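Right, one structure below, let's go through it.
All figures in this text were calculated on a predicted structure; none of them were measured in a lab. Quick note on labels: first sequence line is chain A, next is B, and so on, each numbered from 1.
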Number of protein chains: 2
Amino acid sequence: MSDLLERLRARGWRMTSQRRVVAQVLDGDHTHLTADEVHARSARLLPEISRATVYNTLGELVSLGEVIEVSTDGRAKRYDPNAHHPHQHLVCASCGMIRDVHPTGDPLADLPAQERFGFTVSEAEVTYRGLCPACA
Amino acid sequence: MSDLLERLRARGWRMTSQRRVVAQVLDGDHTHLTADEVHARSARLLPEISRATVYNTLGELVSLGEVIEVSTDGRAKRYDPNAHHPHQHLVCASCGMIRDVHPTGDPLADLPAQERFGFTVSEAEVTYRGLCPACA
DNA sequence: TCTTGACTGAGACTCTGTCCATCGTAGGAT
DNA sequence: ATCCTACGATGGACAGAGTCTCAGTCAAGA
Ligand SMILES: [Mn+2]
Ligand SMILES: [Mn+2]
Ligand SMILES: [Zn+2]
Ligand SMILES: [Zn+2]
(Lines give C-alpha, C1' and ligand atoms only; values in the text may rest on other atoms or scores of the structure.)
(Ligands and ions follow the chains in the order given, each with its own letter.)
Protein backbone atom coordinates (compact mmCIF):
# COMPACT_ATOMS: atom_id res chain seq x y z
CA MET A 1 0.00 0.00 0.00
CA SER A 2 2.82 2.41 0.80
CA ASP A 3 3.67 2.93 -2.86
CA LEU A 4 0.10 2.85 -4.08
CA LEU A 5 0.56 6.23 -5.72
CA GLU A 6 3.55 4.91 -7.67
CA ARG A 7 1.60 1.89 -8.89
CA LEU A 8 -1.33 4.02 -9.93
CA ARG A 9 0.89 6.45 -11.81
CA ALA A 10 2.55 3.52 -13.56
CA ARG A 11 -0.87 2.39 -14.70
CA GLY A 12 -1.43 5.74 -16.38
CA TRP A 13 -3.66 7.23 -13.76
CA ARG A 14 -4.13 10.94 -13.73
CA MET A 15 -3.01 12.04 -10.29
CA THR A 16 -5.28 14.62 -8.71
CA SER A 17 -5.18 16.12 -5.25
CA GLN A 18 -8.47 14.35 -4.47
CA ARG A 19 -7.14 10.93 -5.37
CA ARG A 20 -3.95 11.58 -3.44
CA VAL A 21 -5.93 12.46 -0.33
CA VAL A 22 -8.20 9.41 -0.55
CA ALA A 23 -5.18 7.14 -0.91
CA GLN A 24 -3.51 8.89 2.01
CA VAL A 25 -6.56 8.32 4.21
CA LEU A 26 -6.76 4.64 3.31
CA ASP A 27 -3.03 4.27 3.87
CA GLY A 28 -3.29 4.93 7.60
CA ASP A 29 -4.07 2.15 10.03
CA HIS A 30 -7.68 3.05 9.31
CA THR A 31 -8.76 -0.15 7.70
CA HIS A 32 -12.45 -1.01 7.16
CA LEU A 33 -13.72 2.56 6.85
CA THR A 34 -17.08 3.28 5.22
CA ALA A 35 -17.21 5.56 2.18
CA ASP A 36 -18.61 8.35 4.34
CA GLU A 37 -15.83 7.90 6.87
CA VAL A 38 -13.29 8.10 4.07
CA HIS A 39 -15.05 11.23 2.87
CA ALA A 40 -15.02 12.83 6.32
CA ARG A 41 -11.32 12.14 6.85
CA SER A 42 -10.48 13.28 3.33
CA ALA A 43 -12.42 16.49 3.83
CA ARG A 44 -10.20 17.37 6.78
CA LEU A 45 -7.27 17.50 4.37
CA LEU A 46 -9.12 18.83 1.34
CA PRO A 47 -12.35 20.47 2.48
CA GLU A 48 -14.06 20.75 -0.92
CA ILE A 49 -13.77 17.09 -1.90
CA SER A 50 -17.16 15.73 -2.91
CA ARG A 51 -18.91 12.53 -1.99
CA ALA A 52 -19.17 11.54 -5.64
CA THR A 53 -15.41 11.76 -6.06
CA VAL A 54 -14.78 9.61 -3.01
CA TYR A 55 -17.21 6.98 -4.31
CA ASN A 56 -15.64 7.13 -7.78
CA THR A 57 -12.11 6.81 -6.44
CA LEU A 58 -12.98 3.96 -4.08
CA GLY A 59 -14.72 2.14 -6.92
CA GLU A 60 -11.68 2.50 -9.13
CA LEU A 61 -9.30 1.33 -6.43
CA VAL A 62 -11.52 -1.72 -6.00
CA SER A 63 -11.50 -2.59 -9.71
CA LEU A 64 -7.73 -2.20 -9.73
CA GLY A 65 -7.49 -4.68 -6.88
CA GLU A 66 -5.84 -2.16 -4.56
CA VAL A 67 -8.73 -2.07 -2.10
CA ILE A 68 -11.26 -4.71 -1.09
CA GLU A 69 -14.95 -4.04 -0.55
CA VAL A 70 -16.28 -5.67 2.60
CA SER A 71 -19.95 -5.77 3.54
CA THR A 72 -20.32 -7.55 6.84
CA ASP A 73 -23.51 -6.02 8.11
CA GLY A 74 -25.88 -5.24 5.26
CA ARG A 75 -25.32 -1.58 5.94
CA ALA A 76 -22.61 0.60 4.40
CA LYS A 77 -19.81 -1.20 2.58
CA ARG A 78 -16.38 -0.90 4.11
CA TYR A 79 -13.14 -0.35 2.21
CA ASP A 80 -10.11 -2.40 3.13
CA PRO A 81 -6.69 -1.33 1.85
CA ASN A 82 -5.20 -4.62 3.06
CA ALA A 83 -5.78 -6.15 -0.38
CA HIS A 84 -2.43 -7.80 -0.94
CA HIS A 85 -2.71 -10.10 2.08
CA PRO A 86 -5.62 -12.53 1.83
CA HIS A 87 -7.61 -12.66 5.05
CA GLN A 88 -11.08 -13.03 6.50
CA HIS A 89 -13.04 -11.00 9.04
CA LEU A 90 -14.21 -11.44 12.61
CA VAL A 91 -17.10 -9.14 13.52
CA CYS A 92 -18.55 -8.27 16.92
CA ALA A 93 -22.31 -8.71 16.69
CA SER A 94 -22.84 -6.06 19.34
CA CYS A 95 -20.52 -3.11 18.61
CA GLY A 96 -19.61 -3.91 15.00
CA MET A 97 -15.86 -3.98 15.61
CA ILE A 98 -13.97 -5.78 12.84
CA ARG A 99 -10.69 -7.69 13.05
CA ASP A 100 -8.65 -9.29 10.32
CA VAL A 101 -8.21 -13.02 10.87
CA HIS A 102 -6.26 -15.74 9.10
CA PRO A 103 -8.01 -19.11 9.29
CA THR A 104 -6.02 -22.25 8.67
CA GLY A 105 -6.79 -24.17 5.53
CA ASP A 106 -8.42 -23.10 2.29
CA PRO A 107 -12.20 -22.66 2.51
CA LEU A 108 -12.46 -23.44 -1.21
CA ALA A 109 -11.10 -26.92 -0.55
CA ASP A 110 -14.09 -27.59 1.72
CA LEU A 111 -16.55 -27.37 -1.16
CA PRO A 112 -16.64 -30.74 -2.91
CA ALA A 113 -17.24 -30.94 -6.66
CA GLN A 114 -20.77 -32.30 -6.32
CA GLU A 115 -21.64 -29.27 -4.21
CA ARG A 116 -20.51 -26.85 -6.92
CA PHE A 117 -23.39 -27.42 -9.33
CA GLY A 118 -21.25 -26.70 -12.37
CA PHE A 119 -20.18 -23.29 -11.08
CA THR A 120 -16.66 -22.04 -11.66
CA VAL A 121 -15.98 -21.17 -8.04
CA SER A 122 -13.25 -18.59 -7.62
CA GLU A 123 -13.55 -17.16 -4.15
CA ALA A 124 -14.69 -17.98 -0.63
CA GLU A 125 -15.45 -15.18 1.77
CA VAL A 126 -15.77 -16.08 5.45
CA THR A 127 -17.30 -13.86 8.11
CA TYR A 128 -16.92 -15.00 11.71
CA ARG A 129 -19.37 -13.48 14.15
CA GLY A 130 -19.37 -13.31 17.91
CA LEU A 131 -18.85 -10.94 20.82
CA CYS A 132 -15.67 -8.99 21.40
CA PRO A 133 -14.09 -9.01 24.88
CA ALA A 134 -15.61 -5.63 25.76
CA CYS A 135 -19.14 -6.65 24.75
CA ALA A 136 -19.13 -10.20 26.15
CA MET B 1 -41.11 -24.79 8.43
CA SER B 2 -44.39 -26.51 7.65
CA ASP B 3 -45.69 -26.01 11.17
CA LEU B 4 -44.25 -22.57 11.57
CA LEU B 5 -47.67 -21.17 12.37
CA GLU B 6 -48.07 -23.70 15.19
CA ARG B 7 -44.70 -22.81 16.66
CA LEU B 8 -45.47 -19.11 16.48
CA ARG B 9 -48.84 -19.58 18.14
CA ALA B 10 -47.17 -21.61 20.86
CA ARG B 11 -44.85 -18.72 21.51
CA GLY B 12 -47.82 -16.45 22.13
CA TRP B 13 -47.84 -14.68 18.81
CA ARG B 14 -50.93 -12.85 17.75
CA MET B 15 -51.91 -14.50 14.48
CA THR B 16 -52.99 -11.99 11.87
CA SER B 17 -53.91 -12.54 8.24
CA GLN B 18 -50.81 -10.56 7.25
CA ARG B 19 -48.45 -12.77 9.22
CA ARG B 20 -50.15 -15.90 7.93
CA VAL B 21 -49.66 -14.76 4.34
CA VAL B 22 -45.99 -13.86 4.82
CA ALA B 23 -45.32 -17.27 6.35
CA GLN B 24 -47.19 -18.94 3.51
CA VAL B 25 -45.06 -17.11 0.93
CA LEU B 26 -41.82 -18.07 2.64
CA ASP B 27 -43.01 -21.64 2.98
CA GLY B 28 -42.94 -22.27 -0.78
CA ASP B 29 -39.79 -23.34 -2.57
CA HIS B 30 -39.12 -19.61 -2.83
CA THR B 31 -36.01 -19.39 -0.77
CA HIS B 32 -33.76 -16.31 -0.78
CA LEU B 33 -36.45 -13.76 -1.64
CA THR B 34 -35.89 -10.07 -0.98
CA ALA B 35 -38.28 -8.20 1.31
CA ASP B 36 -39.86 -6.55 -1.73
CA GLU B 37 -40.31 -9.90 -3.43
CA VAL B 38 -41.98 -11.24 -0.30
CA HIS B 39 -44.17 -8.16 -0.29
CA ALA B 40 -45.14 -8.59 -3.96
CA ARG B 41 -46.06 -12.26 -3.51
CA SER B 42 -47.92 -11.54 -0.30
CA ALA B 43 -49.87 -8.77 -1.97
CA ARG B 44 -51.23 -11.26 -4.50
CA LEU B 45 -52.91 -13.05 -1.63
CA LEU B 46 -53.72 -10.02 0.51
CA PRO B 47 -53.64 -6.95 -1.72
CA GLU B 48 -53.45 -4.26 0.91
CA ILE B 49 -50.61 -5.65 2.98
CA SER B 50 -48.06 -2.92 3.58
CA ARG B 51 -44.31 -2.90 3.16
CA ALA B 52 -43.86 -1.95 6.80
CA THR B 53 -45.76 -5.02 7.95
CA VAL B 54 -43.68 -7.30 5.73
CA TYR B 55 -40.48 -5.78 7.12
CA ASN B 56 -41.78 -6.11 10.67
CA THR B 57 -42.81 -9.71 10.21
CA LEU B 58 -39.57 -10.72 8.51
CA GLY B 59 -37.59 -9.05 11.28
CA GLU B 60 -39.54 -10.94 13.90
CA LEU B 61 -39.13 -14.27 12.14
CA VAL B 62 -35.39 -13.59 12.03
CA SER B 63 -35.14 -12.87 15.75
CA LEU B 64 -37.13 -16.01 16.45
CA GLY B 65 -34.63 -18.01 14.41
CA GLU B 66 -37.27 -19.17 11.94
CA VAL B 67 -35.73 -17.32 9.00
CA ILE B 68 -32.16 -16.38 8.17
CA GLU B 69 -31.10 -13.04 6.76
CA VAL B 70 -28.61 -13.38 3.92
CA SER B 71 -26.80 -10.45 2.34
CA THR B 72 -24.57 -11.73 -0.38
CA ASP B 73 -24.33 -8.73 -2.66
CA GLY B 74 -24.48 -5.50 -0.68
CA ARG B 75 -27.90 -4.90 -2.17
CA ALA B 76 -31.22 -5.97 -0.67
CA LYS B 77 -31.08 -8.58 2.08
CA ARG B 78 -32.62 -11.94 1.27
CA TYR B 79 -34.76 -14.03 3.58
CA ASP B 80 -34.09 -17.73 3.84
CA PRO B 81 -36.71 -19.97 5.48
CA ASN B 82 -34.25 -22.88 5.44
CA ALA B 83 -33.15 -21.98 8.95
CA HIS B 84 -33.18 -25.41 10.54
CA HIS B 85 -30.58 -26.89 8.17
CA PRO B 86 -27.20 -25.20 8.54
CA HIS B 87 -25.77 -24.38 5.12
CA GLN B 88 -23.71 -21.86 3.19
CA HIS B 89 -24.27 -20.06 -0.11
CA LEU B 90 -22.80 -20.18 -3.59
CA VAL B 91 -23.46 -17.02 -5.59
CA CYS B 92 -23.04 -16.34 -9.30
CA ALA B 93 -21.07 -13.11 -9.65
CA SER B 94 -22.77 -12.39 -12.96
CA CYS B 95 -26.49 -13.13 -12.61
CA GLY B 96 -26.78 -13.24 -8.82
CA MET B 97 -28.21 -16.75 -8.70
CA ILE B 98 -27.90 -18.33 -5.24
CA ARG B 99 -27.58 -22.01 -4.34
CA ASP B 100 -27.47 -23.65 -0.95
CA VAL B 101 -24.25 -25.60 -0.42
CA HIS B 102 -22.96 -27.86 2.33
CA PRO B 103 -19.18 -27.64 2.70
CA THR B 104 -17.37 -30.44 4.50
CA GLY B 105 -15.88 -29.62 7.85
CA ASP B 106 -16.71 -26.90 10.35
CA PRO B 107 -15.47 -23.44 9.31
CA LEU B 108 -15.31 -22.48 12.98
CA ALA B 109 -12.68 -25.15 13.54
CA ASP B 110 -10.41 -23.36 11.07
CA LEU B 111 -10.08 -20.31 13.32
CA PRO B 112 -7.38 -21.05 15.90
CA ALA B 113 -7.63 -19.59 19.39
CA GLN B 114 -4.85 -17.05 18.87
CA GLU B 115 -6.79 -15.71 15.89
CA ARG B 116 -9.90 -15.08 17.99
CA PHE B 117 -8.57 -12.08 19.96
CA GLY B 118 -10.70 -12.92 22.99
CA PHE B 119 -13.94 -12.93 21.00
CA THR B 120 -16.66 -15.44 21.80
CA VAL B 121 -17.05 -16.68 18.23
CA SER B 122 -20.42 -18.26 17.60
CA GLU B 123 -20.92 -18.39 13.87
CA ALA B 124 -19.05 -18.62 10.57
CA GLU B 125 -20.79 -17.52 7.41
CA VAL B 126 -19.20 -18.57 4.12
CA THR B 127 -20.07 -17.10 0.74
CA TYR B 128 -18.63 -18.86 -2.28
CA ARG B 129 -18.52 -16.78 -5.44
CA GLY B 130 -18.06 -17.77 -9.05
CA LEU B 131 -19.89 -18.14 -12.32
CA CYS B 132 -22.88 -20.39 -12.82
CA PRO B 133 -22.95 -22.76 -15.83
CA ALA B 134 -25.16 -20.39 -17.82
CA CYS B 135 -22.92 -17.36 -17.23
CA ALA B 136 -19.53 -19.08 -17.62
C1' DT C 1 -69.76 -9.40 23.77
C1' DC C 2 -66.41 -6.25 25.59
C1' DT C 3 -61.94 -4.57 26.31
C1' DT C 4 -57.41 -3.64 25.40
C1' DG C 5 -52.97 -3.63 23.93
C1' DA C 6 -50.55 -5.46 20.10
C1' DC C 7 -50.60 -5.08 15.12
C1' DT C 8 -51.30 -2.61 10.69
C1' DG C 9 -50.99 0.94 7.02
C1' DA C 10 -49.59 5.19 4.55
C1' DG C 11 -46.30 7.91 3.78
C1' DA C 12 -42.57 10.78 5.40
C1' DC C 13 -37.97 10.16 6.48
C1' DT C 14 -33.01 8.32 6.68
C1' DC C 15 -29.16 6.20 4.83
C1' DT C 16 -26.36 4.57 1.14
C1' DG C 17 -25.15 4.91 -3.32
C1' DT C 18 -25.59 6.44 -8.47
C1' DC C 19 -26.19 9.68 -12.28
C1' DC C 20 -25.76 13.84 -14.83
C1' DA C 21 -24.46 18.39 -16.65
C1' DT C 22 -21.12 21.52 -16.11
C1' DC C 23 -16.77 23.22 -14.70
C1' DG C 24 -11.77 22.60 -13.71
C1' DT C 25 -7.25 20.89 -14.40
C1' DA C 26 -3.22 17.30 -15.20
C1' DG C 27 -0.12 16.52 -18.13
C1' DG C 28 1.25 15.94 -23.00
C1' DA C 29 2.16 18.94 -27.05
C1' DT C 30 4.25 23.06 -28.87
C1' DA D 1 6.28 28.61 -20.23
C1' DT D 2 1.91 28.32 -22.32
C1' DC D 3 -1.82 26.08 -24.58
C1' DC D 4 -5.23 22.29 -25.30
C1' DT D 5 -8.26 19.02 -24.24
C1' DA D 6 -9.79 14.78 -22.54
C1' DC D 7 -10.38 13.11 -18.20
C1' DG D 8 -11.70 14.05 -13.50
C1' DA D 9 -14.35 16.80 -9.92
C1' DT D 10 -18.48 18.92 -8.28
C1' DG D 11 -23.14 19.37 -6.28
C1' DG D 12 -27.54 18.30 -6.68
C1' DA D 13 -31.12 15.43 -8.25
C1' DC D 14 -32.39 10.83 -8.14
C1' DA D 15 -33.00 5.89 -6.72
C1' DG D 16 -33.10 1.70 -3.76
C1' DA D 17 -33.55 -0.25 0.70
C1' DG D 18 -35.10 0.11 5.02
C1' DT D 19 -37.06 2.66 9.40
C1' DC D 20 -40.31 5.37 11.98
C1' DT D 21 -44.66 7.50 13.47
C1' DC D 22 -49.12 7.47 14.96
C1' DA D 23 -53.94 7.03 14.15
C1' DG D 24 -56.92 3.32 13.37
C1' DT D 25 -57.98 -1.81 13.58
C1' DC D 26 -58.68 -6.24 15.45
C1' DA D 27 -57.15 -10.94 17.83
C1' DA D 28 -57.98 -13.13 21.64
C1' DG D 29 -58.72 -13.54 26.53
C1' DA D 30 -62.21 -12.35 30.19
MN1 LIG E 1 -9.61 -6.62 6.47
MN1 LIG F 1 -30.07 -20.74 1.82
ZN1 LIG G 1 -18.14 -5.53 20.66
ZN1 LIG H 1 -25.04 -16.73 -13.52
Side-chain angles (χ1 to χ4, degrees), chain A residues 4-6 8-25 32-64 66-80 96, chain B residues 5-25 32-64 66-80 96:
Chain A
L4 170 61
L5 294 183
E6 281 316 311
L8 293 176
R9 217 186 293 270
R11 294 207 205 185
W13 256 41
R14 222 158 117 171
M15 190 51 55
T16 68
S17 54
Q18 292 84 349
R19 288 175 168 184
R20 234 187 314 268
V21 161
V22 168
Q24 190 175 335
V25 164
H32 311 131
L33 295 176
T34 65
D36 270 349
E37 286 164 352
V38 173
H39 178 240
R41 291 173 191 267
S42 299
R44 287 195 213 132
L45 303 168
L46 187 68
E48 328 75 37
I49 191 171
S50 75
R51 273 185 357 113
T53 295
V54 171
Y55 274 104
N56 287 341
T57 303
L58 289 173
E60 287 154 359
L61 292 174
V62 168
S63 13
L64 289 173
E66 296 287 353
V67 165
I68 290 173
E69 230 172 34
V70 181
S71 44
T72 50
D73 62 348
R75 302 186 58 86
K77 289 176 193 159
R78 294 181 171 273
Y79 292 87
D80 189 343
Chain B
L5 294 183
E6 280 317 310
R7 289 201 298 280
L8 293 176
R9 217 185 295 270
R11 295 207 202 184
W13 256 41
R14 225 161 119 168
M15 190 51 54
T16 68
S17 54
Q18 290 86 350
R19 288 173 169 186
R20 234 186 316 267
V21 160
V22 168
Q24 191 175 336
V25 164
H32 312 134
L33 295 176
T34 65
D36 270 348
E37 285 165 353
V38 172
H39 178 241
R41 290 172 192 268
S42 299
R44 289 197 210 129
L45 304 167
L46 187 67
E48 284 320 310
I49 191 171
S50 75
R51 277 182 358 109
T53 296
V54 170
Y55 274 104
N56 287 341
T57 304
L58 289 173
E60 285 155 359
L61 291 173
V62 168
S63 13
L64 289 172
E66 296 287 353
V67 166
I68 289 175
E69 229 172 33
V70 181
S71 44
T72 51
D73 61 349
R75 302 184 58 87
K77 288 176 194 161
R78 294 182 171 274
Y79 293 88
D80 188 344

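- D:dG16 atom P lies 15 Å from atom NZ of A:K77, rounded to whole Å.
- Straight-line distance from the CD atom of A:E60 to the P atom of D:dA9: 7 Å, rounded to whole Å.
- A salt bridge links A:R11 with A:E66: at least one charged nitrogen is closer than 4.0 Å to a carboxylate oxygen.
- Residues from residues 43-50 of chain A placing a heavy atom under 4.0 Å of any atom in DNA chain D, listed by number, are A:E48, A:I49, A:S50.
- Here B:R51 contributes atom CZ and B:S42 contributes atom OG; the two are 13.0 Å apart, rounded to the nearest 0.5 Å.
- Following rounding to the nearest Å, A:H39 (NE2) and C:dT16 (P) show an atom-to-atom distance of 14 Å.
- Counting any heavy atom pair closer than 4.0 Å across all strands shown, B:A52 reaches a base atom.
- Look at A:R75 and you won't find any side-chain N or O under 4.0 angstrom from OP1 or OP2 of C:dC15.
- For the helix from C:dT1-D:dA30 to C:dT30-D:dA1, the end axes, each set by the C1' atoms of five terminal pairs, are bent relative to each other by 30° (nearest 10°).
- At a cut-off of 3.5 angstrom, counting only N and O atoms as typed in the model, there is a donor on one side and an acceptor on the other between the side-chain of A:R51 and the base of C:dG17.
- Considering all non-hydrogen atoms of both residues, A:L61 and A:W13 come closest at CD2-CH2, 4.5 Å.
- If you check every strand for non-hydrogen atoms under 4.0 Å, B:T16 touches sugar and phosphate atoms only.
- Position along DNA chain D of the nearest nucleotide to A:R19 versus B:S17 favours A:R19 as the more 5'-ward residue.
- The distance from atom CG of A:D73 to atom CD of B:E69, rounded to the nearest 0.5 Å, is 10.5 Å.
- The nearest whole Å value for the distance from the CZ atom in B:R9 to the C1' atom in D:dG29 is 14 Å.
- In this structure, A:W13 atom CH2 and C:dG28 atom P are separated by 16 Å, rounded to whole Å.
- Put simply, OG on B:S17 and CD on B:E48 are 11.5 Å apart, with the number rounded to the nearest 0.5 Å.
- Taking atom CG on B:L58 and atom P on D:dT19, their separation rounds to 10 Å, with Å as the unit.
- One finds the CG atom of A:L33 at 7.5 Å from the CZ atom of A:R78 (value rounded to the nearest 0.5 Å).
- With C:dG27, C:dT16, C:dC7 as the candidates, the nucleotide lying closest to the side chain of B:R14 is C:dC7.
- Note that CD of A:E6 and CE of A:M15 are 8.5 Å apart. Values are rounded to the nearest 0.5 Å.
- Put simply, the side chain of B:T53 does not reach to within 4.5 Å of the side chain of B:V22, judged on heavy atoms.
- A 4.5 Å side-chain heavy-atom check between B:H32 and B:Y79 finds every atom pair outside the cut-off.
- Between the NE2 atom in B:H39 and the OH atom in B:Y55 there is a gap of 10.0 Å [rounded to 0.5 Å].
- Dashed line: the shortest gap from a side-chain N or O of A:Q18 to OP1 or OP2 of D:dT10 is under 4.0 Å.
- When the P atom of D:dA17 is taken as reference, atom CD of B:E37 falls 10 Å away, rounded to whole Å.
- Between A:Y55 atom OH and D:dG11 atom P the separation is 16 Å, expressed in whole Å.
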